[in-house]
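Whatever order the structure lists ligands and atoms in, that order sets their numbers, starting from 1.
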Amino acid sequence: MTSQARVQKHDHDFQIPPQLEIPQTLAAGPGPGNTDPRVLERFAAAGVADHMQADVIRGMKEAKLMLREVFGTKNVYTYAVVGTGWSGLDCAFSPILPGDTVVTFVNGTFSGIDDLNVRLKASSREDLAANSLDPKPANVVTINVPHGQSVTGEIVEAALAEHKPMWAVMAHWETGSGRINDLRGFDAACAKHDVMGIIDCVSSLGIAYFDIDDYPAVTTWASCPQKGILGLPGTYAPVSFSDKVIDLVRQRGCPSYDHHPILGARHWCIDNGEDVEAAAYHRTHSGYSVASFHEALRLLLQHGREQKAADYAFYEQGLRAAVEAMGCEVTSNMTSLVVCNLPGELAGKEKELVGNCRARGFAIWPTLSEPTQVRIGILNQLTPAAINDIVGRFADAMIEMGAEVDKQKILDDLNAHLDGR
Ligand SMILES: *Cc1c(COP(=O)(O)O)cnc(C)c1O
């Protein structure tokens with residue numbers, strides 16, 4: 001067959017699909033959150049401008065300064081990585097070289113993936129060849145904490161005392177199970193045993209109120225665009241590196257171009273350990289992404305980090321009480337997400353209930369690893385009307401499955417809580 005004939009055959013079979021329509025849903029899961037109209041507006045209003053244009057670079061410089069506020073840090077190497085949470089985390093883990101000793105703490109889906117990424121990076125060629133998709137290098141110790149429980153300072157201290165690793169890795173808020181892990185204890189144990197700490201703060205940054213400079217043994221932090229920051233998904237993942245880890249990368253190197261902590265910072269006008277005037281090309285940053293991310297950071301700082309954290313706690317209390325009044329057992333302690341078991345008579349029907357809700361555009365989630373639980377999130381839902389909507393829709397779904405739920409009383413009690421502020 002000639003190549004001409006093959007092209008024609010291909011053209012003949014292929015139908016261009018119609019334009020893609022994506023409906024508006026209520027994003028009430030662990031993330032992404034509902035994108036703020038102001039963020040979308042800045043994305044759509046940005047002009048065509050390349051990645052070295054003066055206002056694009058100014059936007060990146062301003063975003064860098066806002067990120068230092070959001071993180072509560074003086075770390076010069078604070079900027080954002082193109083992509084999603086895993087992009088930022090890949091940059092955070094990229095200083096880990098084959099053979100490095102690492103202890104990771106796993107208590108759910110996301111810290112489990114962090115652990116996999118660390119094992120991929122710390123593996124020798126032999127480790128990779130032996131099990132290329134799930135290598136088990138002897139130099140990485142994984143401490144498993146059961147689903148639904150938090151990683152405590154005692155667990156971290158015991159593991160670091162025993163294994164004396166170079167690095168330790170923990171998720172601050174494990175979104176899989178909705179559990180808060182002990183950041184204070186992690187930092188203290190890292191300091192005591194001279195370990196470099198890496199924290200996945202994908203789910204906590206912009207929701208919990210904390211300054212990373214209060215945790216000096218944690219050298220590296222990585223977050224995501226679309227949870228607490230509430231930027232557009234797939235735009236920018238915030239990262240922050242202390243000078244200690246940057247010096248290490250300068251000495252030992254790092255085998256990534258894309259996610260090199262020092263090279264990537266140069267487009268954000270960070271070079272040789274300081275802020276500089278001129279940007280150095282690293283990649284084709286998008287002016288649209290910069291504009292929307294910049295607005296998301298402005299929104300967060302205008303709300304106020306402390307106020308926003310208090311708002312999440314207040315609205316989560318209301319949602320938690322309502323879900324408990326429907327007979328569910330809440331096992332989470334994050335303030336952006338309620339993770340619960342259904343009442344006895346509905347046990348085993350979690351996926352069916354979640355599926356019914358999602359089919360109607362009420363986008364809650366099941367847990368992604370066992371045991372199956374229901375996850376209901378409130379990212380960017382910090383108003384009485386939004387919480388009423390979520391509780392009402394969840395009550396309807398429970399009633400439809402046969403649960404005995406007094407919807408009116410639950411909404412009345414919720415509004416008594418919301419009025420009591
Ligand atoms: C969501 C999440 C991630 C992954 O983020 P993506 O944006 O999906 O890449 C990693 N860690 C934690 C704790 C998360 O909650």
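Between Trp86 and ligand 1, an N or O atom pair is found at a separation short of 3.5 Å. Considering backbone and side-chain N/O atoms, Gly85 comes within less than 3.5 Å of an N/O atom of ligand 1. An N or O contact shorter than 3.5 Å is missing between Glu174 and ligand 1 by distance. Note: no N/O pair closer than 3.5 Å links Trp173 and ligand 1 by distance alone.
Of all non-hydrogen atoms in Ser177 and Asn107, the two that sit nearest each other are OG-O, 3.3 Å. Closest approach of Leu297 and Ala63 over heavy atoms only: CD1-O, 3.7 Å.
Looking from atom 11 (N) of ligand 1 to the surrounding protein, the closest heavy atom is Asp200 OD2, 2.7 Å. Protein heavy atom in closest approach to atom 9 (O) of ligand 1: Thr84 OG1, 2.6 Å.
The only member of Val156, Val195, Val169 that meets side chain to side chain contact (heavy atoms under 4.5 Å, CB included) when paired with Phe186 is Val156. With His267 as the fixed residue, the ring-ring contact (aromatic ring centres under 6.0 Å, His included) test singles out one of His282, His285, His260: His285.
Heavy-atom distances between Lys227 and ligand 1 reach below 4.0 Å in at least one pair.
Ion pairing between a basic and an acidic side chain is recognised when a charged N comes within 4.0 Å of a carboxylate O; Glu295 and Arg298 show such pairing.
Atoms of ligand 1 found under 4.0 Å from any heavy atom of Thr175, numbered from 1 in the order shown, are 12 (C), 13 (C), 14 (C), 15 (O). Counting atoms of ligand 1 from 1 in the listed order, those under 4.0 Å from a heavy atom of Ser203 are 15 (O).
Under the 3.5 Å distance criterion, with hydrogens and angles disregarded, no donor-acceptor pair is assigned to the side chains of Tyr215 and His172.
Using a 30° and 60° split on the angle between ring planes, Tyr79 and Trp268 fall in the tilted class, from 30° to 60°.
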